[in-house]
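The block underneath contains the structure these notes are about, expressed in structure tokens.
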Amino acid sequence: MNQDYLWIESLKFNDQGLIPAIAQDAQDGTILMMAWMNKESIQKTLETKEVHYWSRSRSELWHKGATSGHIQKLKSFYYDCDADTLLLKIEQIGDIACHTGARSCFFKQIKC
């Protein structure tokens, strides 16, 4: 492993080797989506500066936007105080993060 990535070993992955990752618009702070990452997708994201996730349904590395063109360019990368959740501040190309065609996956509001 690249010495610059040794901190990845301190992350708390689940039993499947995955960790939740929140994608947030770096400019306006909108939460765009949540997906899963593994060590390989984290390294690939840091190396390419384009976000890669782990697809649980396909059991493979997933380059966000590879087919749609709606890639996510990494601007900054954080992990929380418990080291069990990631926050990726990104530039969303095409302004669509959700597979439904919506800007954000979080568009279903519950009235409180």
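What's counted below: heavy atoms across the whole structure, side chains too, no hydrogens, waters or symmetry copies.
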* **Closest approach of H70 to G94 (non-hydrogen atoms, all atoms of both residues)** => ND1-CA, 3.5 Å
* Atom pair CD1/CD of I8 and E40 - distance to nearest 0.5 Å -> 11.0 Å
* Check the pair I42 / L11 against side-chain contact (heavy atoms from CB on, under 4.5 Å), numbers first and verdict last. => CA-CA 11 Å; I42 293 169; L11 296 176; 3.8 Å; yes
* Hey, any chance I22 and Y78 share a hydrophobic cluster, counting ILVMFWY side chains that come within less than 4.5 Å of each other, even indirectly? -> yes
* Would you please say whether a donor-acceptor pair under 3.5 Å links the side chains of Y5 and E47? => no
* Asked: Hey, any chance I90 and M34 share a hydrophobic cluster, counting ILVMFWY side chains that come within less than 4.5 Å of each other, even indirectly?
  -> no
* Asked: What's the spacing between L74 CG and K89 NZ if we round to 0.5 Å?
  -> 11.5 Å
* Would you say the side chain of F13 lies within less than 4.5 Å of the side chain of K39, judging by non-hydrogen atoms? -> yes
* Asked: Mind checking whether R103 and L32 have side chains closer than 4.5 Å, heavy atoms only?
  -> yes
* Under 4.5 Å between any side-chain heavy atoms of Y79 and S10, yes or no? -> yes
* Is there side-chain contact between V51 and I71, with at least one heavy-atom pair below 4.5 Å? -> no
* Looking just at side-chain N and O atoms, do E50 and H63 make a donor-acceptor pair shorter than 3.5 Å? -> yes
* Going through the distances and angles, do N38 and Y53 end up as a side-chain contact (heavy atoms from CB on, under 4.5 Å)? -> CA-CA 7 Å; N38 61 9; Y53 297 107; over 6 Å; no
* Would you indicate whether D15, at its atom CG, is surrounded by more than 12 heavy atoms from other residues, nucleotides or ligands within a distance under 6.0 Å? => no
* Taking 4.0 angstrom as the limit, do D80 and K12 come out as a salt bridge? -> no
* Would you mind reporting whether M37 and L86 have side-chain heavy atoms less than 4.5 Å apart? => yes
* **W54 vs S59 side-chain heavy atoms within contact, under 4.5 Å** => yes
* Under 3.5 Å: donor-acceptor pair, side chain of Q24, backbone of G29 -> yes
* Among the clusters formed by ILVMFWY side chains lying less than 4.5 Å apart, do L18 and L46 turn up in the same one? -> no
* Asked: If you take all heavy atoms of L88 and A21, which pair is closest and at what distance?
  -> CD1-CB, 3.8 Å
* To do: Give a yes or no answer on whether the side chain of S104 reaches the backbone of I31 with a donor-acceptor pair at less than 3.5 Å.
  => yes
* Determine, stepwise, if the pair I93 / K73 fulfils side-chain contact (heavy atoms from CB on, under 4.5 Å). => CA-CA 7 Å; I93 304 302; K73 293 190 176 189; 4.1 Å; yes
* Which pair of non-hydrogen atoms, one from D84 and one from I19, has the smallest distance, and what is that distance? -> O-CG1, 3.4 Å
* Before giving the answer on side-chain contact (heavy atoms from CB on, under 4.5 Å), spell out for M33 and Q72 the whole-Å C-alpha distance, their side-chain angles and the decisive distance to 0.1 Å. => CA-CA 11 Å; M33 59 178 284; Q72 295 178 343; 3.2 Å; yes
* Contact summary for L61 and K44, nearest pair of heavy atoms -> CD2-CG, 4.4 Å
* Aromatic contact, W7 with F77 (centres under 6.0 Å) -> yes
